[in-house]
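One structure is given below, represented as structure tokens, and several questions about it will come after.
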Amino acid sequence: MYLRAELEANVQSWTQKNFPSLGIGPWIRPCADPRHGHFQTHFPLLAAKQTGGNAREIATRLAEECSPPPGWEKPQIAGGGFVNYRATPNAVARGIENLRKDKAFGIVPNERPETIVVDFSSPNIAKAMHVGHIRSTLLGDTLARLLRRCGNQVIRINHLGDWGTQFGKLLLAYRAAGRPELSNSNAIQQLEEFYKLGHQESESDPAKMELARAELAALQSGDPERKKDWEVFCERSAEHFREIYRRLNVTFDLEKGESTYHEELPGVVEDLLRLKIAEISQGAVVVRNPSISEEPFLIRKSDGAFLYGTTDLAALRSRIRDLHAHRIIYVTDGRQQLHFRWLFDTAHKWNQQGVFEHVWFGTILGSDRKPLKSRDGTPIKLVDLLDEAKDRAKKILLEKRPDLTGQSLEDKAELLGIASLKYADQMPGRNLDYVFTWEKLLAFDGNTAPYILNAYVRTRSILRKAGIETPPYHPIVLKEPAEEELSRHLMQYGDIVALAAQDRRPHHLCGYLFETAGMFHRFFEACPVLQAPTPDLRNSRLTLAGLTGDILRDGLGILGIPTLEEM
RNA sequence: GCGCUGUUAGCUCAAUUGGAUAGAGCAUCUGACUUCGGAUCAGAAGGUUAGAGGUUCAAGUCCUCUACGGCGCACCA
């Protein structure tokens, strides 16, 4: 319990006793303006509104009857019914000493942990990953880590697009070319070209379209030769994905393609028909719900083929039935909102017991403000983006660190480039569309990963110079405003992580870490550590610097950004 | 047409979910150091939160309307 939480507990016990009908809060939040205090509550205003009482009177009672924890100043009443609180430097120092001993840095696990499936990334077989995949991959990865840190059991799933109609066109062109060997180095590029060829041919020639359909049907009914081709496509694609995920350091617990559910699809549709959830309309099988949309949700085409939604229903059921998920979180582009409303609505009618969430993010747009699409335009390949990130980082490193050469230069460039990319992608709120520019995604100045990493490096450098291996535990003494402000800020870490997890919005954590780094830089200017005026102060500042470093590393780690000891 | 979503400083974004005087970065200008790592810090300037009404002690945030973007609306995923 650190600072806010201590005060929260006191205030809650008072509000529970005096105003039980208002719920349990939380009531205490940090002051936006430090002149008012460190923390504030506007509880009296809410209580007055609900009970018809007088806000200032309630504020007075709260201030007088509910004393803050020891070491806090007397609460002050302000405005129409705010109560402001201020912790003394001693109380702050004690809080930091406790936080320093807490291996979780103030992150409190859920009281009721859940098994949560996070479904993210989901690239398509036989296609290169491109910028359109980056947000789902990074957001899903971070959410999985956030939810796990909050005490849940998390299952990360990559739901690969390995069974769509694109395989008919791909097989058509591939087989027409005599099923050539796919080279190790650029198998994906070859596959993309075959697909493009098959697509063009079948779009311009109805007979070819029929052939493509036949290829797909043959594959789906288990023709051995086509099955074998398809397996090669999958294997080669997996190699490509593995390399990207290795560089991004993203992992999955399960990689299950859509093909996994192929056999279950007829049963799903029959089930829904039998339960009168679905009906036949114009030869197709559909689910209706006018409150969602006039148009129905299609789960079987009139030619008998199944769709995206059918596969998703089967996958959803499997996650509940086989993985015992309480909650499934789908991380995709916002354009799929309607699809997921239909999916969740149908799943509930189907009596699938669970909580389903669509965590969506804005579309990545090209410079023309139109979505970057994979078929028209030129989507930037993820490999190229990662390489460019590394190159730009290397240029800056060569300026700042001319002593670096060889492998250590390569390694640092890779780390810094990808760190910047990851941070830039996660820093804006997730429901904004964003226009893709190299400059924005690969910035190294201002609110960026290098700024935060530099603060971390400074914390490590101080400890190194002091001859200390691991961050120490010393009593905390706070003299300067900069160190007190930093200390109070560090104690908000747990609250911010909880907020980011609950909201499924990691950008809160980005903002917090940026502020933390800024406060540390200010502390660094204002408070000499190694040359501190007294040994007690030196020890205190060493401890504070160590703890700041630990929290920066922990927070960046949640965002999937590794730290480095020097840069 | 219906639905979803957005519009905040020149640009890119925040704002603890209805709280007090809307904050950062970039760009511009001015300062600080013979550095516990300058990939830093301090300061200046920059705003009718798209517009108009409404709800209330309090609105960038909620409601209504308008304008302008983006997206989605049966056999693609």
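In the text below, chain A, chain B and the rest are named by the order of the sequence lines, each starting its count at 1. None of these values were measured; they are calculated from a predicted model.
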Over how many whole Å does the gap from A:Phe524 atom CZ to B:G37 atom P extend?
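So the two atoms are 5 Å apart, to the nearest Å.
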Describe the nucleic acid contact of A:Asp162 in one word from base, sugar-phosphate, nothing, applying a heavy-atom distance below 4.0 Å.
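Touches nothing.
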Please classify the nucleic acid contact of A:Glu525 as base, sugar-phosphate, or nothing, using heavy-atom distances under 4.0 Å.
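Touches a base.
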Starting the side chain at C-beta, find the nucleotide from B:A74, B:A20, B:A58 nearest to A:Ala78.
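Of the options given, the side chain of A:Ala78 lies nearest B:A20.
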Base, sugar-phosphate alone, or nothing: which one does A:Glu515 contact when heavy atoms must sit under 4.0 Å apart?
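If one applies the 4.0 Å heavy-atom cut-off, A:Glu515 turns out to touch nothing in the nucleic acid.
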Is the distance from OP1 or OP2 of B:G37 to the nearest side-chain N or O of A:Lys465 less than 4.0 Å?
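Checking A:Lys465 against B:G37: at least one side-chain N or O falls below 4.0 Å of OP1 or OP2.
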From C-beta outward on A:Val529, which listed nucleotide comes closest to its side chain: B:C36, B:A20, B:A39?
B:C36
Looking at A:His42, I'd like to know whether one of its side-chain N or O atoms comes within less than 4.0 Å of OP1 or OP2 on B:C57.
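No, because none of the side-chain N or O atoms of A:His42 sits under 4.0 Å from OP1 or OP2 of B:C57.
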Classify A:Gly81 by what it touches in the nucleic acid, base, sugar-phosphate, or nothing, heavy-atom distance under 4.0 Å.
nothing
Determine the contact category for A:Pro450: base if any of its heavy atoms lies under 4.0 Å from a base atom, sugar-phosphate if only primed atoms, P, OP1 or OP2 are that close, otherwise nothing.
base
Suppose you measure atom C1' in B:A32 against the same atom in B:G19; what distance do you get, rounded to whole Å?
38 Å
B:A15 phosphate, OP1 or OP2, under 4.0 Å from A:His507 side-chain N/O
yes
Using purine N1 to pyrimidine N3 plus N6-O4 or O6-N4 for Watson-Crick, or N1-O2 and O6-N3 for G-U wobble, each under 3.5 Å, what pairs with B:A9?
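Paired with B:A9, as far as the under-3.5 Å criterion goes, is no nucleotide at all.
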OP1 or OP2 of B:A14 sitting under 4.0 Å from any side-chain N/O of A:Asn447?
no
B:G37, B:A42, B:G19: which one has an atom nearest the side-chain heavy atoms of A:Val457?
B:G37
Just to be sure I understand the rule, does A:Ser281 reach a base, reach only the sugar-phosphate, or reach nothing, if contact means heavy atoms closer than 4.0 Å?
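Base: the residue A:Ser281, judged by heavy atoms under 4.0 Å, touches a nucleobase.
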Considering Watson-Crick and G-U wobble pairs with both distances under 3.5 Å, what does B:C62 pair with?
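Pairing partner, where one exists within any strand: B:G54.
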Go ahead and name the base partner of B:A14; Watson-Crick or wobble counts if both distances stay under 3.5 Å, otherwise write none.
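Paired with no nucleotide.
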Give A:Ile496 one of three labels, base, sugar-phosphate or nothing, depending on what nucleic acid heavy atoms sit under 4.0 Å from its own.
nothing
Would the number of heavy atoms belonging to other residues, nucleotides or ligands and lying under 6.0 Å from CD of A:Glu469 be above 12?
no
Would one find more than 12 heavy atoms of other residues, nucleotides or ligands at under 6.0 Å from atom CD of A:Gln531?
no
If you only use heavy atoms from C-beta on, which nucleotide in B:A74, B:G37, B:G70 is closest to the side chain of A:Asp433?
B:G70
OP1, OP2 of B:C4 versus side-chain N and O of A:Arg335: anything below 4.0 Å?
no
Opposite nucleotide pairing with B:G37, Watson-Crick or G-U, both atom distances under 3.5 Å
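Base-paired to nothing in any strand shown.
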Quick one: does any side-chain atom of A:Asp162 pair with a main-chain N or O of A:Ser259 as donor and acceptor, under 3.5 Å?
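Judged by distance alone, yes, a pair lies under 3.5 Å.
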Heavy atoms only, 4.0 Å cut-off, all strands: where does A:Arg541 land among base, sugar-phosphate and nothing?
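Answer is nothing: A:Arg541 stays at 4.0 Å or more from every strand.
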So what does A:Asn431 hit on the nucleic acid, given a heavy-atom distance under 4.0 Å: a base, only sugar-phosphate, or nothing?
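Result for A:Asn431 = sugar-phosphate.
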Below 4.0 angstrom from OP1 or OP2 of B:A39, is there any side-chain N or O of A:Lys400?
yes
Please work out if A:Leu307 contacts a base, only the sugar-phosphate, or nothing of the nucleic acid, heavy-atom cut-off 4.0 Å.
sugar-phosphate
